Amino acid sequence: MTLDTYDKIMMLAKRRGFLYPSFEIYGGSAGFYDYGPMGTRLKENLENLWRKYYLLKDANIEISTPTITLYDVLKASGHVDEFTDLTVDCKQCQTSFKVEDIIDENQTVEEAVANDTVTCPDCGSKLSDAHPVNLMFSTEIGIGKTRDAFLRPETAQGIFTGFHLLYRYAREKLPFGVVQLGKGYRNEVSPRQGPIRMREFSMAEAEIFFDPENKSHELFNEVKNHKLYLFDNVNEMKISMEKAVDEGIINNQALAFYMYMTQSILLDAGVDPKKFRFRKHADDELAHYAKECWDAELFSERFGWVECVGIADRSAYDLNAHITASKTDMYALRRYDEPKRITKKQIVPKMNVLGPEFKQRAGIIKEKLESMDAENIPYPITIKVNNEHINIPDNCYDIEEITETVPGDKFVPHVIEPSYGIDRVLYCLLEHNYYEETKNDELYHKLLLPPSMAPVKVGVFPLISDEKLIKIAKKLDKTFRENDIFTTYDDGGSIGRRYARMDEIGTPFCVTVDFESLDDNEVTIRNRDTTEQQRVPIDEVIKQIKNQLEKK
RNA sequence: GCGGAUAUGAUCUAGUGGUUAUGAUAGUGGCUUCCCAAGCCACUUACUCGGGUUCAAAUCCCGGUAUCCGCACCA
């Protein structure tokens with residue numbers, strides 16, 4: 001049996017508590033994984049690195065919205081119509097079938113439905129009422145009288161549906177960005193790529209709202225000399241952000257800036273630069289609403305180049321969709337230097353006349369009058385109410401000239417969306433940092449994770465399990481944890497075995513208490529990457545380790 | 001979803017229609033003044049599920065489920 005890197009990684013992940021197949025005791029289910037103790041810590045470290053960039057370096061705001069999402073939201077966003085397959089139900093067998101699965105090869109789904117030639121593969125009865133079924137996980141809200149809903153396929157919609165509130169929170173200034181980390185769900189047909197394609201997955205998304213006339217970024221100048229690894233489907237290049245924007249390879253500063261953020265996060269997290277690139281979507285690949293899209297791809301030995309982050313210019317698509325569907329005001333305002341004063345005519349209904357005259361129809365008449373263009377009023381005014389044409393006498397309204405102050409132009413902001421598949425990044429991190437060698441004819445592996453990512457920072461051991469050493473080691477272990485440093489205390493087995501266990505989960509440092517420590521109050525720090533050892537006074541060990549952890 | 005293959009402790013694996021189902025690794029406890037998976041002793045954990053054939057099924061048959069491979073599908 002030959003194991004590829006994926007097999008080795010997944011075995012290590014299971015053995016050492018990174019990833020477990022979910023529900024395994026009941027046979028498991030493809031597309032679901034449990035994060036074990038180490039995986040949970042690693043994921044948290046990655047997410048916090050992400051937050052460091054998106055909340056601190058680029059001062060965005062973070063929100064958290066429901067994973068269960070109302071039908072109407074996803075209808076408006078286009079997900080309801082895009083994620084569907086035609087399905088028929090057999091009432092005899094109480095079964096549902098995908099139309100494309102049960103029709104003859106020589107006809108299309110459309111033809112089969114149009115010609116009514118769909119039959120049940122089990123009982124042979126004729127099936128009709130083909131209806132689309134969505135590939136999103138659906139559910140219902142409430143009992144009895146329910147509302148349709150789905151588990152969200154992306155976190156972004158929660159940001160868009162709150163845009164008007166968030167825009168206000170951001171003091172009505174653009175650009176501003178809103179981020180969300182959380183789970184997304186897709187009922188994949190056949191998820192056979194382990195943690196690369198999951199049915200329930202973690203994503204980190206940012207929606208940065210811009211004035212479409214100004215997609216510059218405040219911090220661009222600060223970082224414009226950074227080089228990005230780009231691939232335009234033909235050539236790979238390493239090119240400065242400034243040059244890429246100047247030459248039009250990347251459309252605008254904002255897009256380039258979030259590519260820089262993405263590259264920095266991934267490389268900081270421990271991605272191998274040789275296995276990293278941004279790939280530009282070809283024109284025929286672009287979603288119809290996207291102007292430009294770059295994927296950050298990480299190379300995996302089994303899966304090839306894996307799309308782990310998508311950075312798309314989604315223009316105004318989503319906000320427009322929600323404005324149309326919900327009738328909510330989701331416009332932003334581009335203020336003039338000086339507010340403009342605009343004089344215009346307006347019809348002002350006189351309700352004291354309209355009311356007695358038209359009774360219950362007065363309300364509708366008022367609305368219609370107000371919505372008329374006061375510059376071009378027909379005479380006499382005729383208003384149609386319930387198929388009845390009503391002449392409105394002059395004494396029912398005034399035409400007033402009013403002066404309005406207009407502060408600026410209303411427009412729908414554009415959005416740039418960096419969207420991270422956390423689980424994919426995490427798997428690639430394991431793969432990129434997996435290192436193996438043969439030691440005494442035995443395979444020896446390490447995870448060479450950056451110390452900042454490592455789930456456990458320090459292993460604390462007594463050299464042998466002697467009460468005197470154990471006492472000191474346990475106390476030292478406690479002191480580490482009091483200083484917010486994650487540790488593993490271990491006094492089982494030989495010292496080499498304990499080092500090996502720590503190497504496997506990527507623990508950068510091990511501290512060992514030995515018999516000499518009893519005399520000289522010094523302990524040994526052992527470095528994961530070099531296996532070199534260093535004697536350090538026990539009082540300084542916390543400080544030393546802290547320094548080394550902060551180095552990168 | 002279709003076709004094919006597979007399913008034995010945490011992992012890898014042996015096995016035959018018939019007594020207590022291999023072995024290794026890992027794990028746990030103990031011994032060892034032990035710095036890179038050392039040694040010795042002891043211990044824990046398994047035949048994918050359901051039905052059938054049979055005196056007897058982990059083994060043969062049927063079905064379910066899951067996984068893997070190919071095809072199809074796929075932000």
Side-chain angles (χ1 to χ4, degrees), chain A residues 1 3-4 6-8 10-17 20-32 36 77-79 82-83 85 87 96-103 105 121 135-136 153-154 156 184-194 196-199 201 203 205 281 285-287 290 293 295 302 307-310 312 314 417 419 421 424 437-446 459 461-466 468-469 491-504 510-518 523-528 530-535:
Chain A
M1 180 177 182
L3 298 173
D4 72 358
Y6 172 82
D7 293 321
K8 291 178 191 165
M10 292 310 280
M11 280 167 61
L12 186 148
K14 190 171 178 185
R15 183 155 33 94
R16 289 298 176 212
Y20 307 123
S22 298
F23 325 122
E24 205 182 17
I25 61 168
Y26 293 103
S29 177
F32 296 95
S77 70
H79 286 90
E82 278 174 32
F83 275 66
D85 276 333
T87 305
S96 294
F97 302 95
K98 270 169 79 173
V99 174
E100 64 177 80
D101 293 338
I102 58 173
I103 56 175
E105 284 165 12
L135 296 182
M136 293 187 286
E154 58 173 9
Y185 304 82
R186 294 178 192 179
N187 204 354
E188 299 285 355
V189 177
S190 182
R192 279 193 224 170
Q193 298 167 71
I196 298 300
R197 178 166 300 219
M198 294 180 17
R199 287 184 165 125
F201 53 100
M203 49 212 305
E205 294 192 300
H281 276 210
E285 223 180 321
L286 284 174
C293 184
D295 284 343
R302 178 180 285 192
E307 164 205 336
C308 292
V309 184
R314 291 180 77 146
E417 177 195 75
S419 173
R424 290 183 171 189
E437 62 186 0
T438 310
K439 211 168 174 180
N440 304 325
D441 287 336
E442 208 181 337
L443 211 55
Y444 191 95
H445 12 78
K446 294 185 183 186
F461 316 137
L463 181 60
I464 61 165
S465 49
D466 180 286
K468 293 190 287 292
L469 304 189
D491 57 22
S494 73
I495 188 71
R497 184 176 297 272
R498 284 177 269 163
Y499 286 150
R501 272 196 286 257
M502 289 296 105
D503 284 343
E504 267 197 328
C510 293
V511 175
T512 305
V513 178
D514 56 27
F515 281 100
E516 281 172 48
S517 309
L518 296 173
V523 292
T524 303
I525 300 178
R526 179 258 193 189
N527 181 295
R528 174 194 69 195
T530 62
T531 75
E532 275 168 14
Q533 302 189 6
Q534 189 194 352
R535 281 305 272 184

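Reminder, nothing fancy here: chain letters follow the sequence lines and each chain counts from 1. It should be emphasised that the depicted structure is a prediction, and the values quoted were computed from it without experimental measurement.
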Check your understanding: Stacking between A:Phe515 and the base of B:rU33 (centre distance under 5.5 Å, interplanar angle under 30°)?
Key -> yes
Point to revise | d(CZ, A:Arg528; C1', B:rC35) in whole Å | key: 18 Å
Review point. Which of these nucleotides, B:rA37, B:rA75, B:rC36, is closest to any side-chain atom of A:Arg186?
Key: B:rA75
Exercise for review: Write down the distance separating the C1' atoms in B:rU59 and B:rG17, rounded off to the nearest Å.
Suggested key: 7 Å
Point to revise | Intermediate values then yes/no, salt bridge (charged side-chain N to carboxylate O under 4.0 Å, His left out), A:Arg314 and A:Glu205 | key: CA-CA 13 Å; A:Arg314 291 180 77 146; A:Glu205 294 192 300; 5.5 Å; no
Check your understanding: Looking across every strand, which nucleic acid part, if any, lies under 4.0 Å from A:Glu532 by heavy atom: base, sugar-phosphate, or nothing?
Key -> nothing
Practice item. Please tell me which of the listed nucleotides, B:rA38, B:rU28, B:rU11, lies nearest to the side chain of A:Lys14? Key: B:rU11
Check your understanding: Got a donor-acceptor pair under 3.5 Å from the side chain of A:Asp514 to the base of B:rC34?
Key -> no
Point to revise | Mate of B:rA66 where both pairing distances stay under 3.5 Å, Watson-Crick or G-U | key: B:rU6
**Study point:** Separation between CZ of A:Arg424 and CD of A:Glu307, rounded to the nearest 0.5 Å
**Key:** 5.5 Å
Exercise for review: Can you tell me the pairing partner of B:rC47 across any strand shown, Watson-Crick or G-U wobble, with both distances under 3.5 angstrom?
Suggested key: none
Study note, to complete from the structure: Of B:rC74, B:rU11, B:rA75, the nucleotide closest to the side chain of A:Arg197 is B:rC74
Check your understanding: Between atom CD in A:Gln533 and atom P in B:rC36, what is the gap in whole Å?
Key -> 8 Å
Check your understanding: Roughly how many Å is it from OH in A:Tyr20 to C1' in B:rA10, rounded to a whole number?
Key -> 10 Å
Check your understanding: Among B:rA75, B:rC35, B:rC36, which nucleotide sits nearest the side chain of A:Tyr444?
Key -> B:rC36
Check your understanding: Looking at the side chain of A:Thr512, which of B:rC69, B:rA26, B:rC35 is the nearest nucleotide?
Key -> B:rC35
Practice item. Tell me which nucleotide among B:rA37, B:rU67, B:rC35 gets nearest to the side chain of A:Ala30. Key: B:rU67
Revision key, fill the gap. Looking only at B:rU33, B:rA38, B:rC35, the nucleotide nearest the A:Arg497 side chain is B:rA38
Study note, to complete from the structure: A:Leu469 atom CG is separated from B:rC35 atom C1', nearest whole Å, by 13 Å
Review point. Once you round it to whole Å, what is the distance between P of B:rG29 and CG of A:Asp491?
Key: 8 Å
Check your understanding: Paired with B:rG17: which nucleotide, if any, by Watson-Crick or G-U wobble criteria at under 3.5 Å for both distances?
Key -> none
Exercise for review: Please determine, for B:rA72, whether a Watson-Crick or G-U wobble partner exists with both distances under 3.5 Å, and give it or none.
Suggested key: none
Review point. Which of the following nucleotides, B:rU11, B:rC35, B:rA75, is nearest to the side chain of A:Thr524?
Key: B:rC35
Check your understanding: Any side-chain N or O of A:Arg501 under 4.0 Å from OP1/OP2 of B:rG27?
Key -> yes
Review point. Quick one: is A:Ser494 getting a side-chain N or O under 4.0 Å of the B:rC34 phosphate, OP1 or OP2?
Key: no
Exercise for review: Report the distance from atom CG of A:Asp7 to atom P of B:rU67, rounded to the nearest whole Å.
Suggested key: 15 Å
Point to revise | For B:rU59, the Watson-Crick or wobble partner whose two distances fall under 3.5 Å | key: none
Review point. Is a donor-acceptor contact shorter than 3.5 angstrom present between the side chain of A:Glu307 and the base of B:rA75?
Key: yes
